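FYI, side chains are in, hydrogens and waters are out, and symmetry mates aren't considered; it's all heavy atoms of this structure. Everything numeric here is computed off the predicted structure, so don't read it as measured data. Just so you know, ligand 1 is whichever comes first in the structure, and atom 1 is the first atom listed for that ligand.
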Amino acid sequence: MTLELDDLRVRTLGECRYDSPFAEMLATKKTSPHYVHEDDRVLVDDTVSVLLGRGAPIERLPSLEAAGPRRKVYFDPAATSVGIVTCGGLCPGLNDVIRGIVQELTEHYHVAHIYGFRNGYAGLTRQHRERVVELDLHAVRDINNDGGTILGSSRGDQDAEEMVDTLVELGIDVLFVIGGDGSMRGAMKITKEIDARGLDVAVVGVPKTIDNDLPYTDQSFGFQTAFAQATEFIASVFVESQAAENGVGIVKLMGRHSGFIACYAALSNNDADVVLIPEVPFVLDGPDGLLARVEEHVRRHGQVVVVVAEGAGQELLEQEGRTTDASGNAKLGDIGLFLKEKLTEHLTEAGLPPTVRYLDPSYAIRSVAANAYDSVYCVRLAHAAVHAGMAGRTDTVVVRWRRRFVHIPMRLITSHRNQVDPDGDLWMSVLEATGQPASFGG
Ligand SMILES: Nc1ncnc2c1ncn2[C@@H]1O[C@H](COP(=O)(O)OP(=O)(O)O)[C@@H](O)[C@H]1O
Ligand SMILES: O=P(O)(O)OC[C@H]1O[C@](O)(COP(=O)(O)O)[C@@H](O)[C@@H]1O
Ligand SMILES: [Mg+2]
């Protein structure tokens with residue numbers, strides 16, 4: 001998809017007429033390499049070749065609205081009520097984002113009410129409406145020390161009309177949705193219903209996913225914490241496989257469609273000899289196949305460590321009728337167990353009966369509290385989301401793009417998936433670190 005400047009303009013509910021609590025502080029600020037003025041824009045592209053290829057004058061180059069506080073805001077802070085919802089799979093940092101939003105709204109904007117919806121979009125339905133909780137500084141005081149989300153989360157479809165009824169009933173002016181691609185699709189349906197009724201309600205998204213599969217963002221929050229956790233499991237199977245006769249360590253990591261966790265975790269401790277990701281299909285048999293590589297490695301080094309993303313090699317698994325979860329996400333076959341079986345069979349036949357150590361850390365990598373780096377990232381995203389919502393931005397997501405916090409139209413975040421580029425430098429680093437060929441079986 002070729003982006004034009006007009007595709008990148010975010011929607012706003014109207015003119016900002018109320019004084020912002022940040023007006024005084026902003027009045028003294030000068031634009032610098034470290035501060036983007038609210039009227040300035042951030043370029044999408046960062047290479048000379050791409051910019052030249054655009055062949056457009058600077059003011060027409062694709063660019064993004066800078067996030068951050070405004071001098072004037074759209075909503076009258078004292079009369080504003082806000083809702084927060086967390087949806088989809090867990091991700092380190094959810095509590096940090098909730099806390100950051102509540103603190104910013106309370107300490108600076110002094111809004112009237114902050115409501116938390118329980119268990120994802122389900123909490124906005126008629127059935128669960130009474131479970132809504134009012135959030136204040138006390139409620140979020142030390143929640144950042146815990147993994148998960150104090151609000152709970154869920155998958156599964158909900159009716160947009162019913163959810164908007166809830167927003168109306170509670171008098172919500174801004175809804176913050178912290179979630180992944182599915183959540184943002186849900187948020188767009190809510191926005192559509194808000195528009196159909198002519199309501200003055202802003203919907204602002206904070207993108208969440210441990211898989212790092214959302215586009216137009218440097219890296220999603222929680223990803224760094226998740227892959228750091230994954231690293232520990234790779235280190236374990238490395239130690240185990242090293243101590244065993246023909247030791248084979250296999251670690252299966254989350255990543256439905258994108259292998260970022262597998263790549264980063266493998267690079268982090270450099271113990272992996274083979275990394276398998278959904279973006280690079282592989283074959284088992286033949287001289288260039290995976291089995292031959294594993295056999296050769298075991299012969300030469302007495303052990304091997306394989307890191308596999310859960311979405312890798314799905315084409316090799318027999319699945320009767322693809323199934324989906326409550327949100328419509330594809331349910332995957334178990335590539336980890338499949339590999340365990342195939343490697344054991346092959347090495348045994350090759351006269352190298354293996355000792356296999358198989359780990360599937362699964363939820364253990366995403367249920368932990370955010371590390372310090374992700375916590376900083378989360379609080380900054382939370383601040384950006386609050387400023388965007390108070391300034392009346394809607395149908396908008398706050399992201400960090402090339403280290404700048406910016407606003408993007410919500411539909412862009414669901415427009416495609418961020419994936420490891422087999423031609424890109426990340427995959428090249430993995431190949432360099434593991435010594436594996438660009439692909440198994442050509
Ligand atoms: N196409 C869609 N339209 C409306 N709601 C959706 C859509 N896809 C997902 N959702 C809702 O968004 C929530 C989270 O989606 P899910 O895919 O489970 O997680 P994530 O947001 O992390 O991708 C669920 O309640 C789901 O029903
Ligand atoms: O939470 P569930 O339903 O078991 O789903 C597991 C999936 O959730 C993920 O953590 C991603 O979740 P999201 O789509 O909610 O971001 C994947 O890595 C994993 O495949
Ligand atoms: Mg998703």
Side-chain angles (χ1 to χ4, degrees), residues 85-94 97 117-125 127-128 147-149 151-164 166 175-194 203 205-215 217 219-223 225-227 229-230 251-265 277-278 308-312 314 323-336 360-368 397 410-411 413-420:
V85 64
T86 51
C87 317
L90 293 187
C91 177
L94 284 164
V97 179
F117 295 104
R118 301 302 313 274
N119 296 107
Y121 285 136
L124 277 110
T125 58
Q127 197 190 347
H128 298 293
T149 153
L151 296 177
S153 189
S154 69
R155 301 196 190 273
D157 214 8
Q158 276 78 37
D159 180 53
E161 284 184 34
E162 211 176 305
M163 292 195 277
V164 174
T166 302
L175 175 66
F176 293 101
V177 177
I178 312 167
D181 56 335
S183 308
M184 297 307 149
R185 286 192 184 91
M188 286 191 289
K189 287 193 178 156
I190 292 175
T191 309
K192 208 169 155 199
E193 180 60 22
I194 287 170
V203 180
V206 182
K208 165 247 53 154
T209 159
I210 57 158
D211 292 357
N212 195 38
D213 59 358
L214 294 171
T217 177
Q219 245 176 27
S220 45
F221 76 79
F223 166 71
T225 306
F227 84 70
Q229 285 294 115
V251 183
K252 183 178 83 166
L253 296 171
M254 282 192 169
R256 265 199 210 105
H257 306 283
S258 303
F260 288 104
I261 297 175
C263 288
Y264 273 79
I277 58 172
V308 57
E310 62 178 337
Q314 291 297 303
T323 51
T324 55
D325 69 10
S327 294
N329 300 302
K331 281 197 180 166
L332 302 172
D334 196 330
I335 187 68
D360 176 358
S362 182
Y363 302 109
I365 68 165
R366 71 176 201 191
S367 52
V368 295
V397 172
M410 205 173 264
R411 80 190 124 71
I413 206 103
T414 60
S415 60
H416 64 278
R417 241 182 224 121
N418 186 32
Q419 290 193 299
V420 177

Of all protein heavy atoms, the one nearest atom 15 (O) of ligand 2 is Gly89 N, 2.6 Å
d(Thr324 OG1, Lys331 NZ) to nearest 0.5 Å is 7.5 Å
Within 4.0 Å of some non-hydrogen atom of Gly182, the atoms of ligand 1 are 6 (C), 7 (C), 8 (N), 9 (C), 10 (N), 11 (C), 12 (O), 15 (O), 17 (O), 20 (P), 21 (O), 23 (O)
for atom 18 (O) of ligand 1, nearest protein heavy atom and its distance come out as Ser327 OG, 2.6 Å
* Would a 4.5 Å heavy-atom cut-off, applied to side chains only, mark Gln314 and Ile335 as touching? -> yes
Margin query: In the structure I gave you, are the side-chain heavy atoms of Ser258 and Gln419 within less than 4.5 Å of one another anywhere?
Written below: yes
Atom 5 (N) of ligand 1: closest protein heavy atom, distance to 0.1 Å, is Gly186 CA, 3.3 Å
To atom 24 (C) of ligand 1, the nearest of Gly179, Gly88, Ala122, Gly156 on a heavy-atom basis is Gly156
Student check: side-chain heavy atoms of Thr414 and Met188 closer than 4.5 Å
yes
With a 4.5 Å heavy-atom cut-off, do Asn329 and Arg155 have their side chains touching? yes
Nearest non-hydrogen protein atom to atom 14 (C) of ligand 1, with distance, is Ser183 OG, 3.4 Å
For atom 4 (O) of ligand 2, the closest protein heavy atom turns out to be Tyr363 OH, 2.5 Å
Of all N, O or S atoms in Asp181, the one closest to the Mg ion (ligand 3) is OD1
Checking heavy atoms under 4.0 Å, the part of Asp325 that sits near ligand 1 is neither
If you scan protein heavy atoms around atom 12 (O) of ligand 2, the nearest is Arg155 NH2, 3.3 Å
Heavy-atom proximity to atom 11 (C) of ligand 2 ranks first, among Asp211, Asp325, Asn329, for Asp211
Query raised in the report: Does an N or O anywhere in Gly88 fall below 3.5 Å from an N or O of ligand 2?
Result: no
Q.
If we only consider heavy atoms of Gly328, is any one of them less than 4.0 Å away from an atom in ligand 1?
A. no
CE (Met254) and CD (Gln229) are apart, to the nearest 0.5 Å, by 12.5 Å
When rounded to the nearest 0.5 Å, the distance separating CD of Glu310 from CD1 of Ile277 is 13.5 Å
The atoms of ligand 1 lying under 4.0 Å from a heavy atom of Gly180, numbered in the order shown, are 20 (P), 21 (O), 22 (O), 23 (O)
A student checking ligand 2 against Ile210 at a 4.0 Å heavy-atom cut-off should list atoms 10 (O)
Nearest non-hydrogen protein atom to atom 22 (O) of ligand 1, with distance, is Lys208 NZ, 2.7 Å
Per-atom filter on ligand 2: closer than 4.0 angstrom to a heavy atom of Gly255 are 18 (O)
Evaluate the side-chain proximity of Ile261 to Asp211: yes if any heavy-atom separation is below 4.5 Å, no if none is.
yes
protein heavy-atom neighbour closest to atom 23 (O) of ligand 1 works out as Asp181 OD1, 2.6 Å
re atom 17 (O) of ligand 1, the protein heavy-atom contact at minimum distance is Asn329 ND2, 3.1 Å
Please determine whether any non-hydrogen atom of Thr209 lies less than 4.0 Å from an atom of ligand 1. no
Any heavy-atom pair between the side chains of Phe260 and Thr209 that's under 4.5 Å? no
In ligand 1, the atoms that come under 4.0 Å of a heavy atom of Gln158 are 25 (O)
Notebook entry, point to check: Within a strict 4.5 Å, meaning less than it, do heavy atoms of the Asn418 and Asn212 side chains meet?
Noted result: yes
Side chain to side chain, Val397 and Met184, heavy atoms closer than 4.5 Å: yes
To atom 6 (C) of ligand 2, the nearest of Arg366, Lys331, Glu310 on a heavy-atom basis is Arg366
Atom 14 (O) of ligand 2 sits nearest the protein heavy atom Arg256 NH1, 3.2 Å
Between Tyr121 and the options Thr86, Val177, Asp159, Asp157, the side chain to side chain contact (heavy atoms under 4.5 Å, CB included) test singles out Val177
heavy-atom search around atom 3 (N) of ligand 1 in the protein gives Lys189 NZ, 2.8 Å
Ligand 1 contact by Met184, heavy-atom criterion under 4.0 angstrom = no
| request: Assign the ring pair Phe227 / Tyr264 to parallel, tilted or perpendicular, where the plane angle (0 to 90°) is split at 30° and 60°. | output: tilted
Here the gap from Asp181 atom CG to Ile413 atom CD1, rounded to the nearest 0.5 Å, amounts to 9.5 Å
among protein heavy atoms, the one nearest atom 13 (P) of ligand 2 is Lys208 NZ, 3.6 Å
Atom 2 (C) of ligand 1: closest protein heavy atom, distance to 0.1 Å, is Arg185 CB, 3.6 Å
Taken to the nearest 0.5 Å, the spacing of Lys252 NZ from Asp334 CG works out to 3.5 Å
Would the distance check show the side chain of Ser367 and the main-chain N or O of Gly148 forming a donor-acceptor pair, the cut-off being under 3.5 Å?
no
